[in-house]
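So the structure is just underneath, and the comments pick up after that.
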Protein chains: 2
Amino acid sequence: MRSRRVDYTESTRAALVDSALELFTRRGYAGTSLDAIVTGARVTKGALYHHFSGKQALFEAAFDLVETAALDRLTAAVAGDGPAWERALAGVEAYVGLCLEPSYQRIVIHEGPVVMGWERWRQAEERFSYGLVRSTVAALIEAGEIERLPLEVTARILFGALSAGAEAIAGSADPKAAAADVTKTIVAVLTGMRRAAAG
Amino acid sequence: MRSRRVDYTESTRAALVDSALELFTRRGYAGTSLDAIVTGARVTKGALYHHFSGKQALFEAAFDLVETAALDRLTAAVAGDGPAWERALAGVEAYVGLCLEPSYQRIVIHEGPVVMGWERWRQAEERFSYGLVRSTVAALIEAGEIERLPLEVTARILFGALSAGAEAIAGSADPKAAAADVTKTIVAVLTGMRRAAAG
DNA sequence: GCTCCGTCATACCACCGGTATGTGACGGGG
DNA sequence: CCCCGTCACATACCGGTGGTATGACGGAGC
């Protein structure tokens with residue numbers, strides 16, 4: 001039988017991560033104090049340091065939470081047994097939408113590399129969104145849909161292009177129009193690669 | 001006649017910015033204390049707060065210094081009266097090389113958006129590297145070299161692609177090979193757009 | 001020569017991340 | 001059913017950091 005203590009433990013841990021996630025999203029990593037986080041979770045720093053080794057570890061827990069949810073969305077978007085090209089386009093739409101989420105944008109794209117260090121951030125991304133972008137690009141190359149380019153670099157560049165596009169949307173005065181522009185432009189880039197493959 | 005005192009003033013200010021630039025590059029913004037900066041500049045915090053309103057203002061001064069040097073390099077690379085296409089390719093090469101500079105990568109690409117806030121960073125970039133990318137893209141569209149795509153978004157996406165490519169190079173085990181891959185891939189993207197324009 | 005202002009040094013404060021230690025509740029063994 | 005060890009926290013505290021208030025020093029101008 002599941003102990004009562006385990007319930008409490010998991011609950012406090014989740015409350016800490018939730019509180020951290022919200023505050024990191026709103027005020028950023030440096031702008032969020034541990035006191036604010038534990039107050040939001042209605043616990044004290046003792047609890048925080050019992051569950052996490054420090055502020056950075058808590059950030060990574062929030063990071064993992066965001067990325068896991070993101071990966072679910074993206075995986076659903078590119079799933080199915082249709083042609084690789086169609087699924088890639090669906091993935092682009094889904095990723096652009098994802099990058100409009102404040103949590104994903106701030107925690108994963110902006111603060112992630114700075115807080116965790118770029119190398120560690122890169123390793124984490126391998127298991128999450130970037131991993132999916134990479135495998136999608138690999139599928140496109142495999143299917144002969146796009147040019148034979150270096151996989152790793154091509155995926156990185158596409159990933160950066162998508163992120164930059166999402167930031168352009170978020171920072172735009174007319175997000176709707178910007179979102180349409182971004183999708184159109186990314187598709188144009190992919191189409192350019194496609195024609196090159198065909199020719 | 002220029003007063004000796006003015007020399008001293010400018011010298012201390014420059015020493016502060018130089019010290020900050022070096023330390024921010026090596027240990028990042030959060031990892032650099034004002035004490036370390038003023039020690040490196042052989043002054044005290046009194047001098048720092050006389051010349052700058054705070055740590056963030058000092059960061060922006062270092063940011064401006066890096067970006068000004070970067071803009072000089074890029075401007076020289078894309079200068080000349082050759083065809084827009086050739087000049088754009090030269091710009092790509094120059095920008096990839098630029099992103100390999102630790103200062104540019106860390107201060108402008110990584111920490112800039114986080115420390116200054118994305119909106120302010122974006123405004124600053126308008127006057128520097130991104131502004132040049134944007135005008136280069138505009139020139140390509142103007143010359144009919146590439147597809148007619150939304151200028152702002154296309155420039156943003158290309159900028160992001162270049163930055164991501166540069167990061168891939170810096171984080172690679174074989175930077176030389178990665179640099180070649182990045183240049184090749186970016187050129188492939190542009191070429192794809194070019195064929196689209198022709199077709 | 002006296003004053004004023006720019007230029008910095010010194011001393012200090014509030015706050016934050018992190019640690020050391022105390023304590024009460026839960027759950028298993030007798 | 002009670003007792004006690006241990007887990008899950010709370011409390012109190014520390015060093016360091018960004019920022020501020022204040023004063024000293026020295027050249028410029030009258």
Side-chain angles (χ1 to χ4, degrees), chain A residues 1-24 26-63 107 111 114-117 120, chain B residues 1-63 107 111-112 114-117 120:
Chain A
M1 171 182 168
R2 183 186 173 86
S3 140
R4 178 177 219 80
R5 277 182 79 146
V6 175
D7 285 347
Y8 291 160
T9 300
E10 284 189 5
S11 172
T12 35
R13 196 197 134 95
L16 278 166
V17 177
D18 284 345
S19 175
L21 175 52
E22 184 199 329
L23 287 168
F24 284 154
R26 288 216 325 256
R27 316 188 196 194
Y29 182 78
T32 301
S33 74
L34 294 187
D35 281 330
I37 292 174
V38 298
T39 300
R42 289 183 301 142
V43 290
T44 64
K45 289 209 287 187
L48 195 160
Y49 276 92
H50 178 74
H51 286 285
F52 303 95
S53 62
K55 192 181 185 183
Q56 189 164 328
L58 185 54
F59 177 87
E60 297 195 16
F63 178 92
I107 293 180
E111 310 231 309
V114 175
V115 174
M116 303 164 65
R120 186 166 175 72
Chain B
M1 173 184 168
R2 183 189 173 87
S3 143
R4 177 172 293 271
R5 212 186 154 139
V6 175
D7 285 348
Y8 291 161
T9 300
E10 284 188 5
S11 171
T12 16
R13 196 196 134 93
L16 278 166
V17 177
D18 284 347
S19 176
L21 175 52
E22 184 198 329
L23 287 168
F24 285 154
T25 299
R26 289 217 323 256
R27 316 188 194 185
Y29 182 79
T32 300
S33 73
L34 294 185
D35 281 331
I37 293 174
V38 299
T39 300
R42 289 184 301 142
V43 291
T44 65
K45 288 210 289 186
L48 196 160
Y49 276 91
H50 176 75
H51 287 284
F52 302 94
S53 62
K55 192 181 185 184
Q56 189 164 329
L58 185 54
F59 178 87
E60 296 194 17
F63 179 92
I107 293 181
E111 310 231 309
V114 175
V115 174
M116 302 164 66
R120 187 165 173 72

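Excluded from the calculations below are hydrogen atoms, water molecules and symmetry mates; all remaining heavy atoms, backbone and side chain alike, are included. Proteins come first, then strands; the chains are lettered A, B, ... in the order of their sequence lines, and each starts at number 1. These figures come from a predicted structure and were not determined experimentally.
From A:Leu58, atom CG reaches atom CZ of A:Phe63 across 14.0 Å, with rounding to the nearest 0.5 Å. Here the CG atom belonging to A:Asp7 is positioned 10.5 Å from the OG1 atom belonging to A:Thr12, to the nearest 0.5 angstrom. Interatomic distance, CG of B:Leu34 versus OG1 of B:Thr39, reported as 10.5 Å (0.5 Å rounding).
Note on the helix from C:dG1-D:dC30 to C:dG30-D:dC1: angle between the axes of the first and last five pairs equals 10°, rounded to 10 degrees.
Of the side-chain N and O atoms in B:His50, none sit less than 4.0 angstrom from OP1 or OP2 of C:dG6.
A 4.5 Å side-chain heavy-atom check between B:Asp18 and B:Glu22 finds every atom pair outside the cut-off. Taking 4.5 Å as the limit, every side-chain heavy atom of B:Leu48 sits out of range of all side-chain heavy atoms of B:Val43.
Applying the side-chain contact (heavy atoms from CB on, under 4.5 Å) criterion to A:Thr32, with sequence neighbours excluded, gives A:Leu23, A:Phe24, A:Arg27, A:Ile37. The side-chain contact (heavy atoms from CB on, under 4.5 Å) check on A:Gln56 picks up A:Tyr29, A:Glu60, A:Val115, with sequence neighbours excluded.
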Show me the protein contacts with nucleotides 23-26 of chain C, counting only N or O atoms at under 3.5 Å.
{"unit_1": "C:dC26", "atom_1": "O2", "unit_2": "A:Arg5", "atom_2": "NH1", "d": "3.2"}

Contact state string [nucleotides 15-21 of chain C, B base, S sugar-phosphate only, - no protein heavy atom under 4.0 Å]: -SBBB--
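The ring-ring contact (aromatic ring centres under 6.0 Å, His included) contacts involving residues 35-54 of chain B comprise nothing, where partners must be two or more places apart or lie in separate chains.
The two residues A:Ser19 and A:Ala41 come nearest to each other via the heavy atoms OG-N, 3.7 Å. Between B:Arg13 and B:Ala61, the closest heavy-atom pair is NH2-CB, 4.3 Å.
As judged by a 4.0 angstrom heavy-atom cut-off over every strand, A:Thr44 is placed among the base-contacting residues.
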